[in-house]
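Proteins get letters first, then strands, A, B, ... in listed order; numbering begins at 1 in each. Heavy-atom basis, side chains included; hydrogens, waters and symmetry copies ignored.
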Number of protein chains: 2
Amino acid sequence: MSIIFSRQCEYALQAVLYLALNSNGKMISIRELTNKLDIPYHFVAKILQDLTRKGLLVSHKGPSGGFSLVAPVKDITLLKIVEAIDGSGFMDNCVFGFPSCSCDNPCAVHEQWDKVRNSIHKMLATKNILEMAGETKKPQYQIKE
Amino acid sequence: MSIIFSRQCEYALQAVLYLALNSNGKMISIRELTNKLDIPYHFVAKILQDLTRKGLLVSHKGPSGGFSLVAPVKDITLLKIVEAIDGSGFMDNCVFGFPSCSCDNPCAVHEQWDKVRNSIHKMLATKNILEMAGETKKPQYQIKE
DNA sequence: TTTATTTCAGATAATATAGTCTTAAATTAC
DNA sequence: GTAATTTAAGACTATATTATCTGAAATAAA
């Protein structure tokens, strides 16, 4: 687990990227997705349902049903996915955990944490999913064919 | 809770900073420290014991006993504290959680995460506790007098 | 229409993290 | 030496997170 995101969040990111890479118009089932990515079926099912409720995915029941990204893919960034799962403001808290840390009452790394926060924000917000899919040359989630 | 550290870690950071600011030669008890910082007594007790076993603090039993930083304070950075609690390599994992992400097989934000990691590392490693204590003008943990 | 496939929803279980309680051991001060 | 204070250690509880199980509802294909 990365230090910045929950498992839930990681699975969400993996899933969305998988959908971007592998659904060419068609829907992709939870079964396929979790098998290929080697992540837990039922847990991820709930996450996908959540992302669907939040309007990032569309779902369809029945045979040849599944999930796909909502158009336009260009507007979907990692940030949107993370915010859908962990909520916006997921980076607001003080590094020390001081409840009253603020610009007026800064902790010893308040300013530096601001820079880190900016670079994280940039990492999550600058590329859209389509660009990321393009960059991913030999992605982990294509290994299991 | 900050996105990067566990509660345990936050309490450790707060405690060490408190010791740096408030122990002038003398020992500081868990009771004083947890009262002033308004953090849970027994839980923090275990953390302090842990930091003591790892050689970052010294402890002393009995009246006027307590904890203090091990000299030289100049060598103690946030990084050392974090590593003592969460282990080194606490920043190594892939943002997506891909088990096989590496330089040879990079995820879509592998490079950018590297930059973030560097800025986090810098934030944690460049200042020692003494400098931080100096910078902290009106720290949260001095409110409750 | 029937059957197979799939998402949806809720209950349950497992594990990790956070936090509490109790007693023992050490040490200081009287 | 005795009593008070403090850390040390282990058992226990609470909560959050992760993961599984079961059955219902929808839908497509035969």
Side-chain angles (χ1 to χ4, degrees), chain A residues 1-15 19 23 25-35 37-70 82 85-87 90 93 97 99, chain B residues 1-15 19 23 26-70 82 85-87 90 93 97 99:
Chain A
M1 190 162 109
S2 121
I3 56 166
I4 55 174
F5 301 131
S6 61
R7 274 273 145 72
Q8 254 198 308
C9 223
E10 289 182 356
Y11 293 157
L13 297 176
Q14 291 190 24
L19 290 178
S23 80
K26 71 179 195 302
M27 296 289 207
I28 288 180
S29 72
I30 306 176
R31 187 58 67 194
E32 174 189 339
L33 192 147
T34 54
N35 277 350
L37 290 170
D38 195 24
I39 55 184
Y41 180 93
H42 290 283
F43 191 44
V44 173
K46 292 194 177 312
I47 296 169
L48 295 182
Q49 285 161 28
D50 204 20
L51 291 175
T52 304
R53 271 190 297 270
K54 301 238 167 79
L56 288 165
L57 305 181
V58 283
S59 69
H60 207 77
K61 290 180 185 174
S64 79
F67 294 85
S68 70
L69 292 172
V70 103
V82 172
I85 301 291
D86 286 351
F90 68 97
N93 289 12
Chain B
M1 190 162 109
S2 120
I3 56 166
I4 55 174
F5 301 131
S6 62
R7 275 272 146 72
Q8 256 198 308
C9 222
E10 290 182 355
Y11 294 156
L13 297 176
Q14 291 190 24
L19 291 178
S23 80
K26 72 178 193 303
M27 294 291 205
I28 289 181
S29 72
I30 305 176
R31 185 58 68 193
E32 173 188 339
L33 191 146
T34 54
N35 278 349
K36 288 284 175 59
L37 290 170
D38 195 26
I39 55 182
Y41 181 93
H42 290 284
F43 191 41
V44 173
K46 289 191 180 312
I47 297 169
L48 296 182
Q49 284 162 28
D50 204 19
L51 291 175
T52 304
R53 271 190 296 270
K54 301 238 168 79
L56 288 165
L57 306 180
V58 283
S59 69
H60 209 77
K61 289 179 186 174
S64 77
F67 294 85
S68 69
L69 293 171
V70 104
V82 172
I85 300 293
D86 286 351
F90 67 97
N93 288 12

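- Here the straight-line distance linking atom CD1 of B:Ile47 with atom CZ of B:Arg7 works out to 11.0 Å at 0.5 Å rounding.
- Atom CZ in A:Arg7 sits about 10 Å away from atom C1' in D:dT17, given to the nearest Å.
- To the nearest 0.5 Å, atom OH of residue B:Tyr41 and atom CG of residue B:Leu33 are 10.5 Å apart.
- Taking atom CZ on B:Phe67 and atom P on C:dT27, their separation rounds to 14 Å, with Å as the unit.
- If you take OH on B:Tyr11 and CG on B:Leu48, they are separated by 12.5 Å, rounding to the nearest 0.5 Å.
- Using a 4.0 Å cutoff on non-hydrogen atoms, the parts of residues 51-62 of chain A near DNA chain C are A:Arg53, A:Ser59, A:His60, A:Lys61, A:Gly62, ordered by number.
- Protein atom CD1 of B:Ile85 is 11 Å distant from nucleotide atom P of C:dA18, rounded to whole Å.
- We find that CD1 of B:Ile30 is positioned 14 Å from C1' of C:dC21, with the value rounded to whole Å.
- D:dA19 atom P lies 10 Å from atom CD1 of A:Ile39, rounded to whole Å.
- As rounded to whole Å, 17 Å separates atom C1' of D:dA28 from atom NZ of A:Lys26.
- Partners of A:Phe67 under the ring-ring contact (aromatic ring centres under 6.0 Å, His included) rule, at least two apart in sequence or in another chain, do not exist in this structure.
- Between A:Met27 atom CE and C:dT5 atom C1' the separation is 14 Å, expressed in whole Å.
- Ring geometry for A:Phe5 versus A:Phe90: interplanar angle of 30 to 60°, hence tilted.
- Spacing between atom CD of A:Glu32 and atom P of C:dT7 amounts to 10 Å, rounded to whole angstrom units.
- Within residues 40-50 of chain A, the residues having any heavy atom closer than 4.0 Å to DNA chain C are, in order of number, A:Tyr41, A:Lys46, A:Gln49.
- For A:Tyr11 and D:dA19, the shortest distance from a side-chain N or O to OP1 or OP2 is below 4.0 Å.
- Checking C:dT7, D:dA28, D:dT5 against every side-chain atom of B:Pro63, the shortest atom distance belongs to D:dT5.
- A salt bridge is defined here as a Lys NZ or Arg NE, NH1 or NH2 lying under 4.0 Å from an Asp or Glu carboxylate O, and A:Asp50 with A:Lys46 fails to meet this definition.
- Under the 4.5 Å side-chain criterion, counting only non-hydrogen atoms from C-beta, A:Leu57 is in contact with A:Leu69.
- In this structure, CD1 on B:Ile39 lies 10.5 Å from CD1 on B:Ile30, to the nearest 0.5 angstrom.
- Distance OG/A:Ser68 to NE2/A:His60: 10.5 Å, rounded to 0.5 Å.
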